[in-house]
Structure formats: C-alpha cells, structure tokens
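Side chains are part of it too, since the values below use all heavy atoms of this structure and drop only hydrogens, waters and symmetry mates.
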Amino acid sequence: MLVKQLFRKTGSTLFLTVLLSVMFSDDLLAQEVRPNKQQLEWADAEIGAIFHLDVINYVPEYNWRKWGTHPPASVFNPSKLNTDQWVLAAKASGATYAVLVAKHCSGFSLWPTKAHDYSVKSSPWKNGNGDVVKDFIASCKKYGVKPGIYASAAANGYYYVDNPGKVVASSPYTQAAYNKMVETQLTELWTNYGKLFEIWFDGGVMPRSQGGPDIVPLLKKLQSDAIVFQGPVQANNLIRWIGNEEGVAPYPNWSRADSTTSATGTIKVDDMSGNPNGPIWCPGEADFPLRRGWQGGWFWKEGQKMRSLEDLLRNYDMTVGRNSNMLIGIVVDTSGLVPQEDFARLKEFGEAVKSRYSKPLAKVSSKQELQSLSLGKEMTIKTIIIEEDISNGEHIREYILEAKVNNQWVKIAEGSSVGHKRIQSFDPISVKDTRLRITKASGKVSFTYSLL
C-alpha cells in the first residue's frame with residue numbers, strides 16, 4: 001500500500017522542535033494544547049476503512065518503479081463495481097468513515113481527471129464515462145459514512161516520480177509539470193466531490209521550499225475542515241502515522257506530539273508514542289490490511305490469507321484501546337466488489353466488538369482523582385475502559401486500578417496514557433468494590449471508567 005520510505009530529520013526540523021520547546025512551558029502547553037472540533041469528531045469515529053483498487057490488480061507483475069512500463073488504462077474494467085457494497089462492508093465492521101485511494105503509485109486515476117489521460121476516462125469501464133470517486137462519495141453519503149480521499153503526491157509511476165515526490169532524471173516530465181499536475185488533481189478532488197472528512201497524504205508532502213507542489217494554500221482554501229494524515233505541519237487538523245501497518249499502536253500513545261510525521265510530513269519520527277508535553281495536537285491513526293501477503297495485503301489477489309476474528313479484536317484493543325483510530329484496509333477484487341468472505345469477516349468483527357464492549361458491568365463518570373465504583377455484588381472482571389474528556393486536553397498521565405480483596409485495596413492494573421480511550425485487560429478477578437486513582441495529571445481530570 002503505502003509510500004512510507006521516509007527519510008531522516010533535517011536541521012530545520014530539529015530547530016523548529018527546539019524553538020517550540022523554548023517558547024512553551026509545560027504548564028502553558030497543558031492549558032493550550034487541545035483538539036479542535038474536527039479532531040474531536042475524528043477521535044469519536046474510532047474505526048475507519050480504506051479501499052484499494054488499481055491497474056496492479058489486473059497486471060499483478062507491474063512494478064511502478066520500472067519507469068515507463070505502466071499498464072495501459074485499457075486493463076481497468078471492474079464490470080461489477082458497486083461502491084454501495086464497499087461502504088456497506090465498511091459499515092458492517094463498525095467503521096464510521098471510509099477513505100478511497102483515488103490514485104496510488106501507478107499514477108492511474110479513478111476519476112476522469114483533466115490533468116492527463118491515464119485515468120478511468122481512457123478505460124473500457126462504463127465506456128470511459130465512469131467516475132469511481134463520484135460513486136464512492138455518493139455511497140458514503142447514502143449510508144451515513146464520512147468520506148475521505150487518499151491523495152498522495154509522493155509517488156507516481158506514470159510521471160516517473162519517486163519518494164518524496166521527485167521526478168527522476170529519466171522522466172519525460174519536468175518537476176514543474178508534475179507539480180502543476182498534482183495541484184490540478186488535488187483541486188479537482190477537493191472541489192468536485194464535496195466536503196471530505198479525511199485526506200491521506202501517504203508518504204508526506206514535499207514542501208514548496210524543496211521543489212514540491214504548492215499544496216498548503218489549496219488545502220486551507222478548499223478543505224480546511226478535513227482531518228489531514230501525514231500532512232504539512234501548517235494544516236489545521238493533523239493526525240500522524242503510528243509507525244507500522246500491523247494495527248498495533250505503541251503504548252504509551254499520546255495525542256500530543258512534537259510534530260506530525262515531521263514538520264513537512266515526510267521525515268520519520270523515531271518515537272512514535274507522541275509526547276505528553278508536545279506543542280501540537282496530532283493523534284495517531286493505525287492502518288492495517290484485512291488480508292496478508294501480496295502487496296502487503298492492501299490489494300486483492302487470489303489466495304491471500306485473511307486475519308482471523310481474534311486478530312481483529314486484538315487489533316481493536318491495541319489501536320482504539322490505545323488512544324488511536326483503527327483504519328482497516330479492505331480489498332476490492334477485479335470485478336469491482338469486496339469479496340464475500342471479507343464482507344463476512346468484517347461483519348463478524350463489528351458484531352463481536354458490540355457484543356464485547358457495549359454492556360459493561362458498571363460505569364461511572366468523574367472529575368476526581370480518586371473515584372470508586374462498586375459492582376453491587378461479587379463479580380468477575382477482566383477489563384477496564386477509561387475514556388478521558390479530551391475536549392480540554394490530555395491530562396491523565398498515570399493511573400492505578402485497585403480492587404478490595406479481603407478488606408485490603410490491591411492493585412490490579414496500572415498505566416499511563418489514556419486520551420480518548422484506554423482498554424486494558426488483566427487476569428480475571430472476582431471483586432465487588434473497585435477504585436481508580438489518577439496518580440499523576442497535568443491539569444483537572446474528567447473521565448469515565450467502566451468494568452467488564
């Protein structure tokens with residue numbers, strides 16, 4: 001899937017981080033660094049889906065870095081394509097938002113772009129009159145799923161462009177021509193299809209100062225409310241990559257950070273856990289494919305293995321349960337449909353999450369650093385869910401869950417970052433009375449905790 005061949009920090013990025021650290025004290029940051037409305041809505045969304053369909057599905061031996069060997073647009077012909085079915089598959093999993101990869105590394109575009117001819121308009125699908133992006137957005141609106149678009153500028157086989165968006169020497173195109181094409185395509189995607197919930201910049205964005213396209217003004221003008229994955233630090237609503245494609249967020253995992261992926265979005269940050277004293281609100285999104293194998297599992301191919309229900313539930317606990325959103329990669333086959341076995345597994349997962357977490361044994365909300373919760377009678381518990389009210393920031397730094405055993409308070413779980421949601425399991429224990437102690441905080445706490 002992903003163009004995550006990221007490179008090292010530059011001196012300017014390091015200077016920016018140091019400067020911000022000097023400018024803001026921890027106390028001030030604790031008061032001022034908080035999510036905006038869009039980031040709060042994104043955190044509440046919790047589960048998303050991302051869809052891949054490209055010419056590589058029809059020519060699996062294609063390598064986009066073998067410049068000039070891109071398959072003709074005529075290979076693209078998903079005769080049964082049905083974006084309603086895609087979105088229903090995502091919704092069955094519990095996803096509340098969905099991202100379409102409108103152009104991947106091949107450069108083939110799933111909408112009839114005016115920037116060049118390498119798109120659906122040159123394919124036999126719908127006699128060249130189709131628009132996958134338009135269909136997808138319409139399906140999202142039809143079923144109440146928030147739409148997003150993957151809009152990477154970092155790689156393009158058709159234009160001979162490699163990470164982080166540079167035209168290679170053998171290309172028949174200049175960097176200026178490529179930049180203009182990118183700006184044209186992003187203007188189309190951000191203008192013609194309505195308001196987007198999330199925009200994906202896979203591999204980051206090569207800044208204008210380094211020869212890249214002038215993306216920031218377009219983003220602010222056309223989609224200022226969209227959540228931006230791996231985008232430039234100047235964007236309004238940033239989120240960051242969690243560092244792998246396995247659906248496992250690090251722990252601790254803070255919503256605040258020193259930068260996005262970097263000041264440009266292209267440079268890998270060594271510590272993917274964020275920084276509880278970081279100067280920007282930039283929570284993590286954990287992407288992973290439902291399938292495994294060819295092309296990392298992001299694109300469909302016969303014979304791939306699928307993750308088990310147990311794998312998906314573990315991923316949920318290690319993403320949503322670690323203060324990160326969970327983004328599931330769903331394949332589309334050459335006919336244009338999500339395979340039925342994939343649809344069934346996604347539905348199974350969505351139902352299992354509801355069954356496991358929708359009916360806690362007991363729940364309480366609190367603004368105290370010591371909060372008791374009684375079950376009323378002896379019951380076996382094995383999981384705690386803590387949800388911090390992050391509208392005023394991320395303040396819980398350390399906590400301990402205790403249970404009364406033989407009239408003594410005994411520690412049964414502890415942790416650090418909570419953020420939007422923390423799911424923590426422990427050895428089953430039969431108890432009646434529990435209490436949660438916030439042992440370290442950066443400000444006034446407000447949270448809910450429940451026991452299962």
Does [Y] offer a backbone N or O that forms a donor-acceptor pair with the side chain of [X] under 3.5 Å?
X      : Y      : value
Glu348 : Ser308 : no
Ser122 : Asp117 : yes
Asn57  : Thr334 : no
Ser417 : Pro252 : no
Arg307 : Leu312 : no
Gln210 : Pro207 : no
Trp241 : Asn244 : yes
Lys91  : Tyr143 : yes
Gln223 : Trp190 : yes
Ser171 : Tyr159 : yes

Are a donor atom and an acceptor atom from the side chains of [X] and [Y] found within less than 3.5 Å of each other?
X      : Y      : answer
Asp131 : Tyr193 : yes
Asp44  : His420 : yes
Asn179 : Glu183 : no
Asn275 : Asp258 : yes
Ser106 : Asp54  : yes
Thr448 : Ser365 : yes
Trp42  : Glu198 : yes

I need the minimum non-hydrogen distance between [X] and [Y], along with the two atoms involved.
X      : Y      : value
Ala49  : Ala95  : N-CB, 4.1 Å
Ile227 : Gln38  : CD1-O, 3.6 Å
Cys140 : Ala98  : SG-CB, 4.4 Å
Gly419 : Ile390 : C-CG2, 3.6 Å
Pro279 : Ala257 : CD-O, 3.1 Å
Ala115 : Met181 : CB-CG, 3.6 Å

Can you tell me how far [atom2] of [Y] sits from [atom1] of [X], rounded to the nearest 0.5 angstrom?
X      : Y      : atom1 : atom2 : answer
Ile199 : Ile149 : CD1   : CD1   : 7.5 Å
Asn325 : Ile47  : CG    : CD1   : 9.0 Å
Glu246 : Arg314 : CD    : CZ    : 9.5 Å
Glu302 : Asp333 : CD    : CG    : 9.0 Å
Leu88  : Ser139 : CG    : OG    : 8.0 Å
Ile137 : Lys195 : CD1   : NZ    : 13.0 Å

Steps toward side chain to side chain contact (heavy atoms under 4.5 Å, CB included) verdict (Ser446, Asn392): CA-CA 9 Å; Ser446 179; Asn392 289 317; over 6 Å; no

Residue of the set Glu414, Arg422, Glu388 for which side-chain hydrogen bond (donor to acceptor under 3.5 Å, both in side chains) holds with Tyr399: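 Exactly one pass, corresponding to Arg422.
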
Test side-chain hydrogen bond (donor to acceptor under 3.5 Å, both in side chains) applied to Ser109 and Lys103, Gln185, His104, the passing residue: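 In the set Lys103, Gln185, His104, the residue that makes a side-chain hydrogen bond (donor to acceptor under 3.5 Å, both in side chains) with Ser109 is Gln185.
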
Phe229 vs Leu327, side chain to side chain contact (heavy atoms under 4.5 Å, CB included): CA-CA, chis, key distance, verdict: CA-CA 12 Å; Phe229 176 88; Leu327 190 68; over 6 Å; no

Can you confirm whether [X] sits close enough to [Y] that some side-chain heavy atom of one is under 4.5 Å from a side-chain heavy atom of the other?
X      : Y      : value
Val167 : Thr174 : no
Asn63  : Thr69  : no
Leu401 : Leu451 : yes
Lys146 : Glu41  : yes
Lys301 : Arg291 : no
Leu81  : Val132 : yes
Trp281 : Leu238 : no
Val99  : Glu285 : no

Just say parallel, tilted or perpendicular for the rings of [X] and [Y], cut-offs at 30° and 60°.
X      : Y      : value
Phe76  : Tyr58  : perpendicular
Trp67  : Trp64  : perpendicular
Phe299 : Trp294 : perpendicular

Less than 4.0 angstrom from a charged side-chain N to a carboxylate O is my criterion; do [X] and [Y] meet it?
X      : Y      : result
Lys126 : Asp135 : yes
Lys166 : Asp162 : no
Glu341 : Arg345 : no
Arg256 : Glu394 : no

Partner of Arg397 by side-chain contact (heavy atoms from CB on, under 4.5 Å), out of Val418, Val445, Asn277: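 Only one option passes, and that is Asn277.
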
Step-by-step side chain to side chain contact (heavy atoms under 4.5 Å, CB included) determination, Ile384 to Leu436: CA-CA 10 Å; Ile384 181 173; Leu436 184 67; 4.0 Å; yes

Derivation of the ring pair (Phe, Tyr, Trp, His ring centres under 6.0 Å) call for Phe108 and Tyr158: CA-CA 7 Å; Phe108 182 80; Tyr158 182 67; 9.5 Å; no

Worked check of side chain to side chain contact (heavy atoms under 4.5 Å, CB included) between Lys142 and Val87: CA-CA 9 Å; Lys142 181 177 179 179; Val87 173; over 6 Å; no

